Participant: 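Let me begin by handing over the structure; questions about it come next.
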Amino acid sequence: MATSTITPVLLCGGSGTRLWPLSRKSYPKQFSPLLGDTTLFQASAQRLSGAGYAAPLVLTNSDFRFIVTEQLSEVGIDPGAILIEPEGRNTAPAVLAAALHLQKSDPDGLMLVAPSDHVVPDASAFRAAVEAGVTAAQDGQLVTFGIKPTHAETGYGYLELDGDAGDFSPRPIGLKQFVEKPDAKTAKEMLAAGNYLWNAGIFLFSVKSIVAAFQAHAPDLMPAVQAAVKQGLPDLGFLRLDPQAWSGADDISIDYAVMEQAENLTVVPFAAGWSDLGGWDAVWREAGPDADGVVAQGAATAIDCEGSLLRSEDAGLEVVGIGLKNIITVAMPDAVLVADASRTQDVKLAVAALKAKQANQATAFPKDHRPWGWFESLVVGDRFQVKRIVVHPGAALSLQSHHHRSEHWIVVEGTAKVTVDDDVKLVTENQSVYIPLGAVHRMENPGKVPMVLIEVQTGSYLGEDDIIRYEDVYARS
């Protein structure tokens, strides 16, 4: 690779609607191991690491900041800057914020912008494609990566090449124009033409080139994003972009804001396999259906089925399909999706319908991830709730109290250090402790392995907002 070090810029937001119920607003698809043992986010970070790559810069929101650091740590990657967006404003403000942050230390450096929820099976081939675009990026070109289309897809935008793609080998080619998502007839015509690529939304450019492009083509965006970066506040290793300034930035994609207007554009084709997993049909395709076109994942069994996906996300919940044809079934502990395989793009309609009826399943994930670990509700009644709580080694919950509930804690794995008012003690496996209503309390994991406990709450109100925090190492209010 050329001498320039590339800073990966991983975009890590997401609405969590297209792969519901596994993906939700509170825990979108990039954090789940959809294919294999690593999550899409982890695989993206690993793909863009090693020789020639700097530590990744991540843009995410406040709810995901600790999930990002935890998942990077799990695969041995130390993050660079993590920029916290106060609200989602689409890709243009996010990319500009990253560029302005990098400009302070390396204005001539290269940045590779990539979504964190894509599947690229051949990481080395992708790095080779990036290398093919380095010289063009160093010369001031805005390099985008186009995917060799494998079928007449109507769910992607396209890139029309200024020339023939030939064998689709990775090399810089001129870009004629961006093409919006086509209808089926147009998609077939473009597939046959041979000079169209799928728009992957992956870009390589120098910091100074993309800042100049924003100044030329989206000058109205500059003041708000500049102020958001300049007035951003450090927070436990993160940089929180200024909320007031950020709210003044237009909600616009980088394609609309810059790319469709710029003239210094270059495309590098990529033909070694790619998917944005934009629907359950894509998961089915990438998972490798058997001879009958069936994919069974997790605790799932298919009997005399064809062209179907059966997936269970709970080892204790068996999904069995009999005589299914072209059916998608995805089971979670709190929700089950059953859909015709041709209607996977309509899963967002299910999310909208659940939102309309104010169902928690529309946006909330069964496991509630926190900076110290996670918890899930096992049983909920009118005046009681049973939770499983997992606390990471060395982590601690806030020092807190509740107005409306008391709690019983039973340690089932590891050791808990428990504070109840002035009493501090260790509670080991098979031991329990009672937290009276109003008591100031905290649990910590002083050990080297995860600590698991069962919490039984009883009281007149069991909402997560019944909490008064006195001390919190994670600086939550």
Side-chain angles (χ1 to χ4, degrees), residues 14 16-23 28-44 47 114-123 125-126 129 145-159 168 181-184 187-188 190-192 196-202 269-298 300-302 304-313 319 321 324-332 337-350:
T17 58
R18 295 192 293 177
L19 290 182
W20 185 90
L22 177 64
S23 176
K29 65 180 179 180
Q30 64 262 28
F31 298 126
S32 295
L34 271 159
L35 300 167
D37 296 329
T38 58
T39 69
L40 300 180
F41 172 66
Q42 289 171 325
S44 297
R47 187 163 57 247
S116 60
D117 57 358
H118 290 183
V119 173
V120 182
D122 192 337
F126 183 77
F145 295 85
I147 309 301
K148 176 186 177 181
T150 58
H151 57 279
E153 175 63 55
T154 59
Y156 300 149
Y158 284 71
L159 305 169
F168 294 92
K181 296 176 182 178
D183 58 27
K188 290 179 181 178
M190 291 193 295
L191 180 65
Y196 289 87
L197 304 174
W198 288 337
N199 181 6
I202 304 172
F270 182 69
W274 167 92
S275 175
D276 73 343
L277 292 186
W280 283 112
D281 56 332
V283 176
W284 169 83
R285 192 160 45 242
E286 292 297 320
D290 65 15
D292 295 318
V294 172
V295 172
Q297 298 175 315
T301 301
D304 295 331
C305 295
E306 299 176 17
S308 296
L309 168 68
L310 288 83
R311 181 179 180 121
S312 173
E313 290 297 319
V319 173
L324 302 180
K325 291 186 178 181
N326 302 322
I327 295 295
I328 303 293
T329 302
V330 182
M332 297 283 291
L337 169 71
V338 181
D340 187 288
S342 67
R343 299 286 301 277
T344 57
Q345 291 301 312
D346 290 334
V347 170
K348 59 182 179 291
L349 300 179

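Residue indices begin at 1 and follow the sequence shown. Please read these numbers as outputs of a predicted model, since none were measured by experiment.
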Participant: Any side-chain heavy atom of L35 sitting closer than 4.5 Å to one from L277?
Facilitator: yes
Participant: Counting only heavy atoms not in R285 (residues, nucleotides, ligands), do more than 12 fall under 6.0 Å from its CZ?
Facilitator: yes
Participant: Applying side chain to side chain donor-acceptor pair (under 3.5 Å) as the test, list every pair that has at least one member in residues 28-39; sequence neighbours left out.
Facilitator: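 Only T39-Q42, T39-Q71 qualify under side chain to side chain donor-acceptor pair (under 3.5 Å).
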Participant: In chain order, what residues pass the salt bridge (charged side-chain N to carboxylate O under 4.0 Å, His left out) check against E286, with sequence neighbours excluded?
Facilitator: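 Checked E286 against salt bridge (charged side-chain N to carboxylate O under 4.0 Å, His left out); zero matches.
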Participant: With a 4.5 Å cut-off on side-chain heavy atoms, are L337 and M332 touching?
Facilitator: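 When only atoms from C-beta onward are counted, L337 and M332 do not touch, as no gap falls below 4.5 Å.
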Participant: Going by atom type alone, with no hydrogens or angles, which donor-acceptor pairs under 3.5 Å involve a side-chain atom of residues 146-153 and a protein atom two or more places apart or on another chain?
Facilitator:
{"from": "H151", "atom 1": "NE2", "to": "E153", "atom 2": "OE1", "distance (Å)": "3.0"}
{"from": "E153", "atom 1": "OE2", "to": "G155", "atom 2": "N", "distance (Å)": "2.7"}

Participant: Take atom NZ of K348 as the centre, draw a 6.0 Å sphere, and report whether it contains more than 12 heavy atoms from other residues, nucleotides or ligands.
Facilitator: yes
Participant: Whether D117 and R18 form a salt bridge (side-chain N of Lys/Arg under 4.0 Å from carboxylate O of Asp/Glu) is what I want to check.
Facilitator: no
Participant: Going by the rule side chain to side chain donor-acceptor pair (under 3.5 Å), which residues pair with D304 if we only count those two or more places apart in sequence or in a different chain?
Facilitator: none
Participant: Who pairs with F270 by ring pair (Phe, Tyr, Trp, His ring centres under 6.0 Å), at least two apart in sequence or on another chain?
Facilitator: F126
Participant: With a 4.5 Å cut-off on side-chain heavy atoms, are V319 and Q297 touching?
Facilitator: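 No, every pair of side-chain atoms sits at 4.5 Å or beyond.
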Participant: Return the set of residues passing ring pair (Phe, Tyr, Trp, His ring centres under 6.0 Å) with Y156 (not counting sequence neighbours), or none when no residue passes.
Facilitator: W198, W274
Participant: Does a side-chain N-to-carboxylate-O contact under 4.0 Å join R343 and D340?
Facilitator: no
